[in-house]
Amino acid sequence: MSYHKDNSSEDEHIPETPGVLVCTVFNTDQKNSYSFLDQLSRRCLSDDLTKASVEQESLIFSEQMKNLLKKSKDGPIGQQDTCDSSTQACTSPLTVNFSNLDLDSLEVLDMPLVIQKISVDMSDRKGLTDPRKEEKMVFSHSQRTNNPVEHAGISGMVAEYTKVYEAKMHNVCSIKKTCRPKRIHQGYSGTEASNHFDFCDQMKKELDKSFRCNLNAVVKKSCKTKYRFYILVTSDAVFFDKTKAYMEAEGHTAVQPSEFFHDEGSSSCLLIILRNEDIAEHICKIPQLLKLKMTPDVQFAGIDEPDDVVNFTHQELFTQAGFIMFDKALLEPLSLCYMKKISECLQVLSRTGKWKWMLHYRDSRRLKENARLSEEANEKKLFLCWGQDAGILEVLPYHECDLASKDQPDYLTCLLRLQVQHISSRYPVFITDATTDSAFEKNGILTMTLDAFLTKSPTEKFTI
């Protein structure tokens, strides 16, 4: 290999280009000749043999992979005899131009190959060999060079990694083959599938059977509350005797109405029990119903079986919150300002439970018809629409109270019916400035004036 500057007379066919270093590679020995990449890497990377070997082996490995890919399309390429068919192509020189180099120093060739820019002048070799075939021939010749001692370690390493990769791929393929029959077997094996589902069904049945019993047993052991209870007896049925027996067996104490409020300082709660089928007709027959509602430690339970309370399967009645209804005489002159105050009061009460304003259909229709008479009446109409959307106000369906033949609704009957329909609401409140009889209080309905409802605190409203 020899080096010439661009103005040298030895290579007259090379054009003069300033700042270009010309390198001519001669391949004179066919048997022991090296490829162009071998010669170039030997010259440029002679100081670092390990790095040179790695880079050279990388180039060889890359070319081998390309040949393997092309072999599947073009046939066997490795059998081509590169030098027998074209002796002139193997022996002719190859000119390499190193651009942008300092002409005064050749030390840059000692730098790694990866940071150099190389341009190859192939103008004098156009008619010799096709570039693609030449590339194949160069690397095929490089593969046939006898350098087992120099690169045996790296070649062995590449071969070893190739074997490891093939082994891993073989394992992966083996796993896929073994998994597929299992899925097919599970999909089509009726016996195995049926056994699996039978086992699950049996487990589910056992859990359904024992879950409630076990849970109730845990609750009974952890619950230390002992009730004073009263059962509303509506007939001579054995049902009530059984209920009392179950309660006393659990350590609860039966009391009479005269003993409801004797132990107000006691920590035990008072439980009022009645059958669910008796609620509609007999709910108002509970002694001192309104006072019981206004006492915080009193609970109400509706049962279907005698042991519902013991097994914690009873229905809780009169739990929290309530609803209000206005007297017609008080509702008609009610101003928009007061209506807004009422809604604000209901929103405050709803923090601990849902409260609603119950409005008869006839009253709501009258307010809407008056909207054409004045601006304030129109604003009342808009307020009603807003209250319904917000869930604060509920317009009752058309019923007997809305008949034109009646001057005013039967508020007691209507409130009793609403109390049964909203059995979880603890306080039905009738707001009126007129004097009412004791029937409201006897049936568990609280009566209150408008000022008392707006000015009193929640604690003062619902205590006697």
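Because only heavy atoms are used, hydrogens play no part in the values below, and waters and symmetry mates are left out as well, while side chains stay in.
No side-chain donor-acceptor contact under 3.5 Å links R426 to the backbone of Q320. Side chain of E259 to backbone of Q256: a donor-acceptor contact under 3.5 angstrom is found. When atom types are taken as modelled, the side chain of R275 and the backbone of F239 share no donor-acceptor pair closer than 3.5 angstrom. Within the 3.5 Å criterion, the main-chain N or O of T319 finds no donor-acceptor partner in the side chain of S424. In terms of modelled atom types and a separation under 3.5 Å, the side chain of K406 and the main chain of C401 share no donor-acceptor contact.
K293 forms no cation-pi arrangement with Y427, by the criterion of a distance under 6.0 Å to the ring centre and an angle within 45° of the ring axis.
The two residues L359 and S364 make their nearest non-hydrogen contact at CD2-CB, 3.7 Å. Nearest heavy atoms, S350 versus L346: OG-O, 2.8 Å. The heavy-atom pair separating N378 from A371 by the smallest distance is CB-O, 3.6 Å. Nearest heavy-atom pair, K354 versus A390, reported as atom, atom and distance to 0.1 Å: NZ-O, 4.2 Å. M448 and V429 make their closest contact through CB-CG1, 4.3 Å (heavy atoms, listed as atom of the first residue, atom of the second, distance). What you find for S343 and W386 is that their closest heavy atoms are CB-CZ3, 4.2 Å.
Taken from CD in Q315 to CD1 in I279, the straight-line distance is 5.5 Å, to the nearest 0.5 Å. With rounding to the nearest 0.5 Å, the separation of CG in L450 from CG in L330 is 5.5 Å. For the atom pair CG of D278 and CD1 of I303, the computed distance is 9.5 Å after rounding to the nearest 0.5 Å. Taking CG of N276 as the start and CD of E305 as the end, the distance is 10.5 Å to the nearest 0.5 Å. Put simply, CD on Q419 and CZ on F323 are 6.5 Å apart, with the number rounded to the nearest 0.5 Å. Here the NZ-OG distance, from K341 to S335, works out to 8.0 Å after rounding to the nearest 0.5 Å.
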Exercise. Going through the distances and angles, do H360 and C414 end up as a side-chain contact (heavy atoms from CB on, under 4.5 Å)?
Worked result: CA-CA 10 Å; H360 279 93; C414 188; 3.4 Å; yes
Exercise. Is there a side-chain contact (heavy atoms from CB on, under 4.5 Å) between M247 and V309 once you walk through the steps?
Worked result: CA-CA 8 Å; M247 294 296 293; V309 176; 3.5 Å; yes
Exercise. For V310 and H252, what are the C-alpha separation, side-chain angles and deciding distance, and is it a side-chain contact (heavy atoms from CB on, under 4.5 Å)?
Worked result: CA-CA 10 Å; V310 175; H252 306 297; 5.7 Å; no
Problem set entry | L446 vs L290, side-chain contact (heavy atoms from CB on, under 4.5 Å): CA-CA, chis, key distance, verdict | CA-CA 7 Å; L446 178 64; L290 180 59; 4.1 Å; yes
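Taking the side chain as every heavy atom from C-beta outward, K291 and F261 approach each other to under 4.5 Å. Taking the side chain as every heavy atom from C-beta outward, F318 and V298 never approach each other to under 4.5 Å. When side chains are defined from C-beta on, T455 does not count as touching E460, because their heavy atoms never get closer than 4.5 Å. For the pair D402 and L396, the minimum side-chain heavy-atom distance is 4.5 Å or more. Between F440 and L415, some side-chain heavy-atom pair lies under the 4.5 Å cut-off. Looking at R417 and V420, their side chains never come closer than 4.5 Å, going by heavy atoms from C-beta outward. With contacts defined as side-chain heavy-atom distances shorter than 4.5 Å, the pair L331/L334 qualifies. The side-chain heavy atoms of I342 and L454, taken from C-beta on, include a pair separated by under 4.5 Å.
Heavy atoms of other residues, nucleotides or ligands lying less than 6.0 angstrom from NZ of K328 number more than 12. Heavy atoms from other residues, nucleotides or ligands lying under 6.0 Å from NZ of K380 number more than 12. The environment of E281 atom CD is sparse: at most 12 non-hydrogen atoms of other residues, nucleotides or ligands sit within 6.0 angstrom. Other residues, nucleotides and ligands contribute at most 12 non-hydrogen atoms within 6.0 Å of the NZ atom of K340. More than 12 heavy-atom neighbours from other residues, nucleotides or ligands sit within 6.0 angstrom of OH on Y398. For D236, the CG atom sits in a loose shell: 12 or fewer heavy atoms of surrounding residues, nucleotides or ligands are nearer than 6.0 Å.
When ring centroids are compared, W355 and F453 stay outside the 6.0 Å threshold.
Screening E394, M325, M339 for a side chain to side chain contact (heavy atoms under 4.5 Å, CB included) involving W357 leaves a single residue, M339.
In summary, K244 and D241 do not engage in a salt bridge, as defined by a charged side-chain N under 4.0 Å from a carboxylate O.
Ring orientation note: the planes of Y411 and F430 are tilted relative to one another, at an angle of 30° to 60°.
Partners of D308 under the salt bridge (charged side-chain N to carboxylate O under 4.0 Å, His left out) rule, at least two apart in sequence or in another chain, do not exist in this structure.
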